[in-house]
Amino acid sequence: MSVSFSALTRFTIAGSEGRDPESLHSIQTIQPHGALISVRERDLEILQASTNARRMLGLDDALPGHRLGWLGEDLVQRLRPHLDAPLNPVALALRCRLGAGATEFDVLVHRPGSGLLVLELEPAGPSLQLSGRVEEALQRIIAAPSVRALGEEVVATLKRLTGYDRVMLYRLDEAGHGEVFAEAREPALPAYLGQCYPEACVPRMARQPGRRPRVRLLVDVDSVPVPLQPIRPLDEPLDLSLCTLRSVSPLHIQILKMMDVRATLVVSLVVGGRLWGLIACHHRTPRFVHYEIRALCELLAETVATRIAALESFIQEQAELAVRRLERGMIEAISCSGDWRSALVTDGDALLASLEASGAALFCDGELQTLGRVPEQGGLLRIRAWLDRQPRAAVIATSSLMREDPRFAALKETASGVLAVPLSSGCGEYLVWFRPERVRTLILGASPLLCADGAELNRAPALAGEQREVRGRAVPWNSGQTAIARLLGESVTDVLQQFRSVRLLIAQAQLAEAQARVRISDQPMLITDPEGRLVLATRSLERLFGAGRLESLDALPGLVSDPATVRAALAALRDDYQPWHAELEVCGADGCKTPVLLRADPVFSAPGRVLGFMFLFTDLTGIKAAEDARQRLHAGIAARQHRSSAPLCGGDGERYRELFAAIIGNARLAAEEVADGVDLERVPAVFEGFEHSVSHTTTLLERLLWYAAQRQDGEGRDEGDGAARH
């Protein structure tokens with residue numbers, strides 16, 4: 001059948017004017033297949049009746065003003081034991097003969113309060129022999145291994161039991177959107193399986209199971225509603241919210257006709273006090289289902305709801321067991337490999353399957369680890385920044401990240417849905433799960449729930465069959481999954497704290513050992529934090545500067561000979577992280593100045609992140625003394641070289657210079673070797689020994705030359721005297 005969208009829209013607007021769209025009290029008519037009367041409970045006087053009651057009962061007079069016994073003592077006798085009973089949303093069902101012809105009726109009795117009884121009269125149904133069939137159906141329902149299998153079983157069972165052309169299980173998600181989850185239908189009918197409907201297509205009153213009957217019946221969309229008379233016998237309209245006979249709004253009748261549906265039956269599935277879904281039945285011709293069949297449908301629905309709760313609880317229990325196994329794996333990984341995160345990677349399938357996620361990421365200790373399908377690193381870092389901006393909560397969840405921030409639209413293929421648990425009270429540490437976009441086509445207006453129940457007008461535009469494609473949304477996270485995420489987050493947090501506690505104790509022991517070793521070092525050393533506060537100073541540093549004089553970097557310029565240069569170098573080190581190497585003169589507490597070589601460097605943990613600064617001082621006193629001794633040695637050698645340059649006669653003079661050169665060369669070579677391999681404290685004494693040795697050697701050499709010269713002179717005189725004698 002073709003659908004006039006514009007006409008339906010006009011009808012929706014016109015039908016909603018001046019009315020409370022979701023008020024059950026505004027419905028004061030019933031379907032004509034039954035009759036309704038209201039009775040004052042204390043005296044059983046009939047106050048109000050549907051206009052068709054007299055005809056159905058074969059009576060000549062109007063019912064209001066008569067006592068209930070006028071309809072038949074059988075009804076009063078069966079009803080009397082239940083008078084003044086506590087209020088109960090489940091109607092009392094009586095089978096009795098009423099009216100002039102003692103016709104058998106099923107009478108459903110409600111107690112809406114205000115001292116009233118409401119009686120719904122329906123034609124009695126035939127006796128049923130369904131116990132074996134129902135028991136068999138119950139066994140199949142109870143044996144269903146999954147929610148999906150349960151849904152398929154229940155729609156097939158109810159189709160056999162009720163005879164409707166189509167039976168659907170309509171499931172609501174956490175966001176209120178609905179989907180045809182299971183379907184049994186005649187082959188000639190189009191399939192609704194998998195069709196989705198927005199939250200607006202589900203009336204608000206339908207989400208409050210306590211304010212509506214669990215089973216709603218519409219026998220014929222073409223029937224004419226029957227009013228009640230008198231219209232207002234009391235101060236307010238009669239509450240028909242729990243009545244099966246209550247009429248359906250004209251809008252819903254129009255929608256059903258456009259869908260070529262003549263009769264409907266809908267059964268609520270209430271799980272844990274929440275409307276989990278509905279079993280909606282459609283028929284192409286008028287169809288009346290008597291009370292006993294409807295009661296069996298409600299009985300099966302309660303069994304199904306109980307089974308759903310058990311299956312969902314089992315699924316959650318299995319997920320919790322997986323979490324506990326994962327927790328044990330993380331603890332074992334700490335003892336085996338020292339890295340608890342390896343257990344998450346090893347058992348990654350369990351981490352994803354427990355929340356039906358396609359990917360996961362761990363932000364911890366400044367590192368990032370991923371599993372499955374996740375955004376690229378830049379996208380992950382943007383998600384982490386977004387999480388940092390969210391109010392602190394045990395779980396942060398969204399099924400549409402791009403709705404939270406349109407800039408995330410590019411990540412929809414991997415991260416439309418995000419579920420995160422913080423791992424610490426600070427920012428930046430999370431365990432995050434991802435779901436991709438699921439493109440869905442929503443069917444506006446013609447929801448099986450809307451069409452089957454129809455007691456309330458819907459605020460949404462009701463264009464039967466209008467379709468709208470929804471993008472940028474993932475399958476919503478349900479309450480069980482958020483509970484598992486919170487549990488898993490708590491487990492990871494506990495393991496993380498254990499790991500950090502162990503690591504802290506180890507680090508403290510290592511730090512204490514390192515501090516002890518550094519503190520007794522002979523190398524004067526100072527370690528500060530980024531602000532220049534003292535972290536550690538060696539004892540040798542205290543001996544160099546004096547105890548308590550160098551408590552921070554700010555004190556250093558006042559303890560050296562050139563404070564202005566030191567201040568400038570410290571500013572460049574602390575502000576720009578420029579290393580500083582220089583020679584300084586330290587002014588000791590006793591006024592003595594000690595030459596030192598300073599090496600100062602920033603200590604980085606990551607580029608741009610400074611942990612502090614390290615200063616190494618090298619006492620140059622010994623080096624300076626060794627250098628002075630070396631200079632004196634070279635000066636002495638030079639002076640002796642000058643003396644050796646005096647003219648010497650004969651071959652002895654030449655031999656003198658050769659010997660002197662060898663002595664000087666030996667002294668210089670020894671001086672170089674000493675500089676490379678002898679303790680600096682001994683160098684001055686060694687150089688002084690070299691100088692003394694050179695001095696002594698050259699003096700001795702001079703004496704030998706003087707002696708040789710005298711000998712030569714004596715020999716020359718002797719030769720002269722001999723020549724003279726000759």
Side-chain angles (χ1 to χ4, degrees), residues 24-39 48-53 56 75 79 87-96 98 104-112 116-125 128 158 161-164 203 205-206 208-221 223-228 237-249 252-253 256 262-270 275 278-283 286-302 449 451-456:
L24 297 180
H25 291 78
S26 64
I27 305 293
Q28 290 293 291
T29 58
I30 66 169
Q31 300 177 57
H33 66 275
L36 184 143
I37 60 177
S38 64
V39 178
Q48 192 177 26
S50 60
T51 57
N52 64 344
M56 290 187 67
L75 173 59
L79 180 61
L87 293 175
N88 194 318
V90 179
L92 172 66
L94 306 174
R95 176 68 70 94
C96 54
L98 300 173
E104 195 169 35
F105 285 91
D106 286 331
V107 181
L108 305 181
V109 184
H110 308 277
R111 302 181 71 251
L116 293 179
L117 295 176
V118 175
L119 283 67
E120 296 184 86
L121 282 59
E122 293 181 355
L128 300 177
L158 261 66
L161 179 63
T162 63
Y164 280 87
M205 293 296 295
Q208 303 175 16
R211 300 182 61 183
R212 61 192 301 277
R214 295 293 176 88
V215 178
R216 288 284 290 124
L217 178 70
L218 175 57
V219 174
D220 186 1
V221 298
S223 62
V224 178
V226 176
L228 305 180
L238 184 64
D239 184 1
L240 301 180
S241 58
L242 293 176
C243 293
T244 304
L245 290 174
R246 175 167 47 88
S247 291
V248 176
S249 73
H252 299 154
I253 293 294
L256 288 170
R262 294 288 302 276
T264 63
L265 175 74
V266 64
V267 186
S268 299
L269 293 175
V270 179
L275 184 65
L278 298 105
I279 302 168
C281 310
H282 289 177
H283 207 65
R287 187 168 188 80
F288 171 69
V289 177
H290 63 82
Y291 166 75
E292 193 171 2
I293 293 291
R294 300 200 308 268
L296 289 174
C297 289
E298 186 171 356
L299 175 66
L300 289 173
E302 290 297 326
L449 169 60
C451 300
D453 190 17
E456 310 86 17

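Ser223 places none of its side-chain heavy atoms less than 4.5 Å from the side chain of His33. Under the 4.5 Å side-chain criterion, counting only non-hydrogen atoms from C-beta, Thr162 is in contact with Ile293. The closest side-chain heavy-atom distance from Met56 to Leu121 is not below 4.5 Å. In this structure, Val226 and Leu245 have side chains that are not in contact, with every pair of non-hydrogen atoms separated by 4.5 Å or more. The closest side-chain heavy-atom distance from Val248 to Thr264 is not below 4.5 Å. Proximity of Cys297 to Leu161: side-chain heavy atoms (C-beta onward) are separated by under 4.5 Å at one or more points. Between Leu158 and Leu265, every side-chain heavy-atom pair lies at or beyond the 4.5 Å cut-off. The shortest distance between side-chain heavy atoms of Arg216 and Arg246 falls below 4.5 Å.
Checking side-chain atoms of Gln28 against main-chain N and O of Pro237 turns up no donor-acceptor pair under 3.5 Å. The closest donor-acceptor contact from the side chain of Ser247 to the backbone of Ile30 lies under 3.5 Å. Judged by distance alone, the side chain of Ser50 and the main-chain N or O of Leu36 form a donor-acceptor pair under 3.5 Å.
Taking each heavy atom of Gln31 and Thr244 in turn, the nearest pair found is NE2-O, 3.8 Å. Contact between Gly163 and Arg287 at its shortest, heavy atoms only, is CA-NH2, 3.6 Å. Closest approach of Ala53 to Ala49, counting heavy atoms only: CB-CB, 4.3 Å. Minimum heavy-atom separation, Asp220 to Arg262: OD1-NH2, 3.0 Å. Of all heavy-atom pairs between Leu269 and Ala301, the closest is CD2-O, 3.4 Å.
No option in Val118, Leu75, Leu79 other than Leu79 meets the side-chain contact (heavy atoms from CB on, under 4.5 Å) test with Val109.
Pairs engaging residues 290-302 under the salt bridge (Lys or Arg N to Asp or Glu O under 4.0 Å) rule: Glu122-Arg294, Arg214-Glu302 [sequence neighbours left out].
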Q. Would Leu98 and Val107 satisfy side chain to side chain contact (heavy atoms under 4.5 Å, CB included), going step by step from the backbone distance to the final call?
A. CA-CA 10 Å; Leu98 300 173; Val107 181; 4.0 Å; yes
**Q.** Ile279/Leu300 under side chain to side chain contact (heavy atoms under 4.5 Å, CB included): CA gap, chis, key distance, verdict
**A.** CA-CA 11 Å; Ile279 302 168; Leu300 289 173; over 6 Å; no
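Atoms OG1 and CG, on Thr29 and Leu228 in that order, are 7.5 Å from each other to the nearest 0.5 Å. In this structure, the separation between CG on Asp106 and CD on Glu120 is 11.0 Å, given to the nearest 0.5 Å. With values rounded to the nearest 0.5 angstrom, Phe288 atom CZ is found 7.0 Å from Leu217 atom CG.
With sequence neighbours excluded, the residues that form a ring-ring contact (aromatic ring centres under 6.0 Å, His included) with Tyr164 are His283.
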